[in-house]
Amino acid sequence: MYPTAPPDEEKYAADHNNHQNIANPVPVPGLNNPSVLRTYTPPPYAYNTQPAGHVRGTWSTGLCHCCDDPANCMITACCPCITFGQIAEIVSQGSTSCASQGVCYGVLLATTANACLYSCFYRSRLRGQYDLEEAPCVDCLVHFCCATCALCQEYRELRNRGFDMGIGWEANMDRRRRGVTAAPTVVPGMTR
C-alpha cells in the first residue's frame with residue numbers, strides 16, 4: 001500500500017532521545033529521486049520549560065494529614081464553603097472576595113455535583129503559583145474523591161507559606177509591606 005524505501009535510505013529525521021536543534025537533510029521515503037531532500041528542524045516549543053536541575057515542589061503536608069489542624073478540618077467538614085472562600089481569595093490574589101467565592105461554592109454544592117470541578121480549578125492555580133506536584137493524582141480526581149481533604153491540604157499549604165487565612169489577601173499584603181518597609185532597629189556598637 002505504501003511505497004517502501006530501501007534499507008540504506010531509511011533515515012529518521014530526529015533522534016527523540018536527544019532533543020538538540022540540528023538540521024539534517026533526510027531523503028523523503030517513497031520518492032525514487034534521492035536528490036529530493038527535506039530538511040528537519042525540531043518544533044519551536046520547548047521540551048522542558050524548567051531550568052536545569054529544577055525539582056518540582058512538594059506539598060508541605062499530605063492529603064490526609066487532618067490531624068495537623070483539626071479545627072480547620074472540622075470547619076471544612078461542616079461547611080466547606082468557608083474554607084474554599086478563604087483559599088480562593090488568597091489564590092486569586094484578592095481579585096475575588098472570600099464571601100463571594102464561598103457563596104458560589106455553596107450554591108454549586110447544594111444544587112449540582114459540580115462543586116468539585118470549581119474547586120479543582122483553584123487547586124490547579126495554587127499548584128501553578130507555587131510549582132507544586134500534581135499529587136497524589138489529577139486535581140479534579142482529588143477534589144471529586146475527597147474534596148474535604150483536598151481543601152484542608154490547600155488551606156494548610158497556604159498557611160505554611162505564611163498566609164493568615166482568616167484575614168484575607170489585603171490584610172496579608174499589609175502585614176508583608178509593614179515587615180518590609182519597617183525601619184531597622186539600630187543596635188549600638190562597641191564603645192571604648
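Below, each value reflects all heavy atoms present in this structure, side chains not excepted, and no hydrogens, waters or symmetry copies. Each residue takes its place number in the sequence, starting with 1.
- A donor-acceptor pair shorter than 3.5 Å cannot be found between the side chains of Thr96 and Ser100.
- Counting only heavy atoms from C-beta outward, the side chains of Thr83 and Cys152 never approach each other to under 4.5 Å.
- In this structure, the side chains of Ser60 and Arg159 stay at 4.5 Å or more apart for every pair of heavy atoms.
- Linking Ile, Leu, Val, Met, Phe, Trp and Tyr whenever their side-chain heavy atoms come within less than 4.5 Å leaves Leu109 and Val142 in two separate clusters.
- For the atom pair Cys146 SG and Gln153 CD, the distance stands at 10.0 Å (nearest 0.5 Å).
- To the nearest 0.5 angstrom, Leu158 atom CG is 5.0 Å from Leu126 atom CG.
- For the side-chain contact (heavy atoms from CB on, under 4.5 Å) criterion with Leu132, the lone passing option out of Glu157, Glu154, Arg123 is Glu157.
- Both the sub-6.0 Å distance and the 45° axial angle are satisfied by Arg176 relative to the ring of Phe163.
- Taking CG of Asn160 as the reference point, atom OG1 of Thr61 lies at 6.0 Å (rounded to 0.5 Å).
- No side-chain heavy atom of Leu117 sits under 4.5 Å from any side-chain heavy atom of Leu108.
- Formation of a donor-acceptor pair under 3.5 Å by the Trp169 side chain with backbone atoms of Glu89 is not found in this model.
- No more than 12 heavy atoms of other residues, nucleotides or ligands lie within 6.0 Å of CZ in Phe144, so this atom counts as exposed by the packing criterion.
- Between the Arg156 side chain and the Gly62 main chain, a donor and an acceptor come within less than 3.5 Å of each other.
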